[in-house]
Number of protein chains: 2
Amino acid sequence: MGTTQLDTVPEPKYWHLKTVLSEALDSDFAVGEILPNERELAARFGVARATLRQALEQLELEGRLQRRRGVGTTVAPPRVGVDVGTSQHGWPGAAGDTWQPVDCTSAVPPAAVARMLGGDSGNSGDEVHTVRRIRVTHGQPVAAELLYVPAASVPDLAAIESPSGAARARSVLRELQRLAMEGQDRAVELGSARADDAKELDRLPGAPVLVVTTRYFAEGGTAAVSVATYRADTCRLTFGDSGDLEISHHTQERRAS
Amino acid sequence: MGTTQLDTVPEPKYWHLKTVLSEALDSDFAVGEILPNERELAARFGVARATLRQALEQLELEGRLQRRRGVGTTVAPPRVGVDVGTSQHGWPGAAGDTWQPVDCTSAVPPAAVARMLGGDSGNSGDEVHTVRRIRVTHGQPVAAELLYVPAASVPDLAAIESPSGAARARSVLRELQRLAMEGQDRAVELGSARADDAKELDRLPGAPVLVVTTRYFAEGGTAAVSVATYRADTCRLTFGDSGDLEISHHTQERRAS
DNA sequence: TAGTGGTCTAGACCACCCG
DNA sequence: GGGTGGTCTAGACCACTAA
């Protein structure tokens, strides 16, 4: 059968749609511009709304679109590069870091975190200081963090201080600086936003996020563990291992009204 | 009307389903075990199949499940940590790296890559050596890479050598080693697999991937750019900044037959 | 209140894998 | 050929936003 190898791959409709839309975004739309609504787009392309949505979801995942219930679908600006790593070759909360403390409570950490903190000893089930921080860039929240600090890492923390709140968060961070940092350890993976993180990030629960887990080492053990969730749609995590970090972007930015 | 504050947040069905399934996975299933098929699960929970699928998609995104057409849905093993960074504080292809060259062609790079390579000069549109490599861990493909190397970075590359193929890929990598590495620069973002990457990774096009872009600096400029796409469902990217990389996992691994 | 995206349904057919 | 997940449809209602 001399199949001329044309119909070998019946490309799904939503995939083709995504390609068409992507090209249209490049040529016909400016950043911030509002697209026609989903019902009209579906009709225009002759597909069911669910199919059209499948294509939009992909484009949103790739950071090309931004959708907001009750408002509409807009063309997203290029992802912002947020530095992860170099700026924090000190403790969290050191001078110059871009996080802002929100709250601090005492709680039993999740099992995975307890495992990293506990090491080989069997002291799981213990409560640790749990600092909540958020990171804001260009006025937009980009990440929410939970920082787990065992009481042993901040022995001089005055019991007099407020039992919770941003003030206590700052106290814990201040005490952390007294330790001699011995190293860090970082991991990045894909996750979906928990309800509380989603709220801080101004997204719906389940939104795709990049989870950055950092272990801080001091005094031969793990002094703290940070779990930071970054908005995957708007963020590009950068690890500046080299000296020059100035990236001359020259991104073509056509802005809508 | 004494609403006892129970219906304040009408949690979406798929979200609740996801939670229930997640707990069931923890308690009732072993890694590798096959779940009931989608039609039966949907019936069992009293929802439409599309709703059930929405929950499964989330769990797959989080690396809890693995779905394969024609086969079924299985419980995924914990994500594997793949090192990104330390092992490559040399050039790609240096002794001990875990990539295997597949092919090498000459092609005009995408605009974004050309911008990183070209710097301020206006020599875009030029063809560069494009090396294809894949990374395999535990017998499974975890990443596919395109490495862009301008001809200027490998001036002594013999024109006699084969014009493409794995042999030429190795030649380009070998020539790269001759340069003095001045630094690197790394970024991670979420993307969806292109058709060619999806094929190498044994996934469907559009599957979520973590895109790692690395710039290699030498002789005052960018000597090469690597764009590596990692399977987001199975990979956790690790950046070992500290000395000790041995993570004692102690993960509870109950294996199915 | 009107319009948007988000959720949900009950079907149908298709592509793929395996016995 | 029988069973699986993947795609697609044509509706419906809900939650949210903004005028």
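What you see is a predicted model, and the numbers here were worked out from it, not measured in a lab. The chains referred to below are lettered A, B, ... by the order of the sequence lines, with proteins before strands, and numbering in each begins at 1.
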Please enumerate all residues that pass side chain to side chain donor-acceptor pair (under 3.5 Å) together with B/Glu62, with sequence neighbours excluded.
A/Ser192, B/Lys18

Residues passing the salt bridge (Lys or Arg N to Asp or Glu O under 4.0 Å) test with B/Glu60, sequence neighbours excluded, are B/Arg67, B/Arg203

When rounded to whole Å, the CZ to P distance for the pair B/Arg53 and D/dC8 reads 11 Å

Does B/Tyr14 make a side-chain N or O approach to OP1 or OP2 of C/dC8 shorter than 4.0 Å?
no

Round to a whole Å and report the spacing from CZ of B/Arg203 to C1' of D/dG6.
12 Å

Between B/Val71 and B/Pro205, whichever has its closest DNA chain D nucleotide further toward 5' is B/Val71

Expected string for nucleotides 9-15 of chain D under the B/S/- scheme (protein heavy atoms, under 4.0 Å, primed atoms plus P, OP1, OP2 as sugar-phosphate) is B--BB-B

Atom CG of A/Leu41 and atom C1' of C/dG5: how far apart are they, to the nearest Å?
12 Å

Please enumerate all residues that pass salt bridge (Lys or Arg N to Asp or Glu O under 4.0 Å) together with A/Arg194, with sequence neighbours excluded.
A/Asp196, A/Asp197

Taking only residues two or more places apart in sequence, or in another chain, which ones meet A/Thr74 in a side-chain contact (heavy atoms from CB on, under 4.5 Å)?
A/Ile34, A/Gln66

Non-neighbouring partners of A/Ser22 that pass side chain to side chain donor-acceptor pair (under 3.5 Å), sequence neighbours left out
A/Arg64

Residues within residues 191-202 of chain B bordering DNA chain D, heavy-atom distance below 4.0 Å
none

D/dT4 phosphate, OP1 or OP2, under 4.0 Å from B/Asn37 side-chain N/O
yes

Are any of the side-chain nitrogens in A/Glu145 or A/Arg135 under 4.0 Å away from the carboxylate oxygens of its partner?
no

Any A/Thr73 side-chain N or O less than 4.0 Å from OP1/OP2 of C/dT4
no

A/Leu204 CG - C/dT4 P separation (whole Å)
18 Å

Does anything in residues 54-66 of chain B come within less than 4.0 Å of DNA chain D? Heavy atoms only, and list the residues if so.
none

Can you name the residues that form a salt bridge (Lys or Arg N to Asp or Glu O under 4.0 Å) with B/Arg49, not counting sequence neighbours?
B/Glu38

B/Thr19: what forms a side chain to side chain donor-acceptor pair (under 3.5 Å) with it, not counting sequence neighbours?
none

Contact under 4.0 Å: B/Arg68 side-chain N or O vs C/dC17 OP1/OP2:
no

When you measure from the side chain of B/Glu38, which nucleotide among C/dT7, D/dA18, D/dG6 comes out closest?
D/dG6

Side-chain donor/acceptor of A/Arg79 to backbone N/O of B/Glu189, under 3.5 Å:
no

Specify the separation, in whole Å, of atom CG of A/Leu35 and atom C1' of C/dG3.
16 Å

Can you name the residues that form a side chain to side chain donor-acceptor pair (under 3.5 Å) with A/Thr73, not counting sequence neighbours?
none

Partner residues of B/Glu40 under the salt bridge (Lys or Arg N to Asp or Glu O under 4.0 Å) criterion, sequence neighbours left out
B/Arg44

